[in-house]
Each structure stands twice: as C-alpha cells, then as structure tokens.
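Note that ligands are numbered from 1 as they come in the structure, with each ligand's atoms numbered from 1 the same way. The structure displayed is predicted, hence computed values, not measured ones.
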Amino acid sequence: MTVPERPFLSVVVPVYNEEAVLPEFYKRLHAILKELRDLSGTEILFVDDGSRDDTEKILTELLRWDPSVKVLQFSRNFGHQIALTAGLDHAKGDAVVVMDADLQDPPEVIPRLLDKWRDGYEVVYAVRESREADPWFKRITARLFYGLMRRIGNIDLPMDTGDFRLLDRKVVVAFRSLGERHRFIRGLTLWVGFRQTGVFYPRAERPAGTTKYPLGKMVKLAWDGVTSFSFAPLRVAIYLGLVVSVLSFLFGAFVIFGRFFFGQTELLGFPTHGWGSLMVAVLFLAGVQLIVLGMMGEYLGRTYDEVKRRPLYILRRKIGFDERDQSNES
Ligand code: UDP
Ligand code: MG
C-alpha cells in the first residue's frame, strides 16, 4: 500500500449561507486536526457556493489567522455536488476528506477514517448509524431512495451514506477525469472502484442554521442519482407497452368471442353506449404516454446539458493557494 510516511491531509467543505455554524465548525475541526499525528500538514478547503450572508466575512477572518485555510469562491450558487467537485479539483492532499459544514458530519470521525485509510482502504465512507437526528420525512424518503437505487441502479450504493468520506489521492485523480454535469458524488466515488469500506458514526443534529437542502433540491439530487446510474425509467415504456398490448389483445378476443357466441355486442355496451369506458381508456393511455415521454425528455435534457460542455462552475476568486497549487485548476 502506498500511504506516505507523513501524508498531507485535505479537508473539503462546501458552504452555502452557513454563518450560523461556521465558527463553531472551524473550532471543532481545528481541534481535531491539531491532534492528528504523523501528518506532514493539513489544509482546510472551503468552497463558498455563492453565499449571500456573512459566510464570506467569516472565511476572510479564518484566512487571516490560519494559513492552512483556503477558499474557493463561486460566482453564484452552483449547488452542493458541484462545490464538492471544485474542492476535489483543488485539493492537494494524499488523502482528502469531504464533509458538510453544519457539524452533522462530526469532525471527530476523521481520525477513524484515516485509520482505515492507513489499513489500505482507498475510499472510506462514513455510514450513519442511526437517523434519529433526521426528521421522519427525510428518514422515509431516504430509505425509499436507497432501496430503489439498490434495485434499479447499476451500482451497489451502501445504505445511509452521505458524501462524508475520505478519498485516497488516486481516487481523487480518477474522480477528476469524470466530466459529467449532473453528478451524484456518492455514486461516482463508488463507480470509480478501488478498495472501499465504511465506518459507522452517529449522525448529529444541525446545531444552528437551517438545511440548505429543501425538498426541491433533494428530489433533484435523487433524480440525478437515478438517471446517472440507471436506464430503468426509460424501460418503463417497454413494460407498460407490453402490459397494455396484452390487455388490449385479451379485450379484443373478448369482443370477438361475444360477437360469435352472442351475435351482438350490446352486451358490452356497444355501439351506442360506452362513452365512459372509451374516455377512461383514452385518457389513461394519453396519461401513460405523456409520463413516458416526459421521462424520455428528462434523459434527453440531461444529454443536451452534457453536450453543451459548459464549465461545471465559475470561480470569482481563489484565496490562500500557493502558486504551485494552481496546477490542477479545471
Ligand atoms: N451546500 C452547498 N450548496 C448548496 C446547498 C448546500 O454548498 O446549494 C452545503 C451546505 O452549506 C452544507 C452541505 O452542503 O455544508 C450540506 O447541506 P445541508 O446540511 O443543508 O444539507 P442536509 O444535511 O440538510 O441534507
Ligand atoms: Mg446537514
């Protein structure tokens, strides 16, 4: 295994309007990093995802008195997954830890991630022991989502993992070669392969501030996960088509059978009646077709988005980096 004698550790932290927890987060993270032995150094790389509150002011303050702090500032809000990507693009560590700023990913877990890394694992993800700290709605939807992904996704996503994880430099380099825009990072870090393992931790409650993942963003992330790793929704058309065809065939047989054996079709409500059943059939089929079309549109839209090849993010500025660090800019 190739863990250096005295490795360098990067911690990547996306922040979006986190003025309420940022000082506390930094304090706790700093305390943990200070205790770590056998490292050649650490960096804390904050990615300011277009915050509009005092996050920038707090980061400037941290930059002033901690030389290991670095900041990438986006020109606007690009979203959590893109902020993580920018952090991974710029992190120079032999190991890179990715975590949220809201203390739901406790910094105290980092030494355990490092232990596993030293044991030879290249991806060490943190698994939530319990979701007691999450509201019931989040618990149920998360369970449904992970269940669905395990069924239809072509990756085996471990249950109850977030993006909190440690990545070996090799994994980070592999990750940088992925160009897709709609990214589902916990899936992609699995997809790249390597030796992976998990450590359990109790998920804490957010001590201050509110979630930056409202329902809309959560649904988008889930949908990105599904579409990135599964064609199952596209195949729905085939299954629905088959079911409808079989049903219509049976119904046709029923109509012919009625005609021959009873010599009339009044039995079925034809031809003067039957407006209701006809409308139901028409509307049902129109609905199914629109849903399937919409699903195809989703994939088509994503394909279009990828084809445009716009940069994933735009930086307003980079603060605290050495000249030497600029090499892996994307
Ligand atoms: N975040 C971000 N950009 C966004 C939304 C969130 O950088 O558009 C950051 C946020 O500051 C936090 C992390 O992503 O550090 C996770 O967000 P949050 O804790 O609000 O999500 P939850 O834990 O509620 O799912
Ligand atoms: Mg959180």
With backbone taken as N, CA, C and O and side chain as the heavy atoms from C-beta onward, which portion of [X] lies under 4.0 Å from ligand 1: side chain, backbone, both, or neither?
X      : answer
Met99  : neither
Val47  : neither
Asp49  : side chain
Lys138 : side chain
His80  : both
Met218 : neither

May I ask you to list the atoms of ligand 1 that are less than 4.0 angstrom from any heavy atom of [X]?
X      : result
Asn77  : 3 (N), 4 (C), 8 (O)
Arg203 : 23 (O)
Lys217 : 4 (C), 5 (C), 8 (O)
Val15  : 7 (O), 11 (O)
Thr211 : 20 (O), 21 (O), 22 (P), 24 (O)
Ala101 : 15 (O)
Asp100 : 13 (C), 15 (O), 16 (C)

N/O separation below 3.5 Å, Ala83 to ligand 1: no
Check this for me - ligand 1, Thr210, N or O atoms closer than 3.5 angstrom, yes or no? no
Would you find a donor on one side and an acceptor on the other, under 3.5 Å apart, between the side chain of [X] and the backbone of [Y]?
X      : Y      : value
Arg309 : Gly179 : no
Thr197 : Tyr121 : no
Arg183 : Thr85  : no

Within 45 degrees of the ring normal and closer than 6.0 Å to the centroid, is that where the cationic atom of Arg76 sits relative to Phe78? yes
Please write down residue, atom name and distance for the protein heavy atom closest to [atom].
atom                    : value
atom 19 (O) of ligand 1 : Asp102 OD2, 2.4 Å
atom 11 (O) of ligand 1 : Glu18 OE2, 2.6 Å
atom 21 (O) of ligand 1 : Tyr213 CD1, 3.2 Å
atom 20 (O) of ligand 1 : Lys212 N, 2.4 Å

Can you confirm whether the side chains of Arg317 and Gln73 place a donor and an acceptor under 3.5 Å from each other? yes
How about Phe231: does its CZ atom have over 12 heavy atoms from other parts shown lying under 6.0 Å from it? no
Lys27, NZ atom: more than 12 neighbouring heavy atoms under 6.0 Å: no
Which donor-acceptor pairs under 3.5 Å do the side chains of residues 281-295 make with protein atoms, sequence neighbours left out?
none

Please name the residue in the list Val13, Val11, Leu72 that meets the side-chain contact (heavy atoms from CB on, under 4.5 Å) test with Leu45. Leu72
Gln81 to ligand 1, any heavy atom closer than 4.0 Å: no
Going by side-chain hydrogen bond (donor to acceptor under 3.5 Å, both in side chains), name the pairs with one or both residues in residues 44-55, residues two or more places apart or in two chains. Tyr16-Arg52, Asp48-Ser51, Asp49-Asn77, Asp53-Thr55
Does a side-chain N-to-carboxylate-O contact under 4.0 Å join Arg302 and Glu180? no
Across all chains, not counting sequence neighbours, the side chain to side chain contact (heavy atoms under 4.5 Å, CB included) partners of Phe200 are Val127, Glu129
If you leave out waters, which protein N, O or S atoms are less than 2.8 Å from the Mg ion (ligand 2)? Asp102 OD2, Gln104 OE1
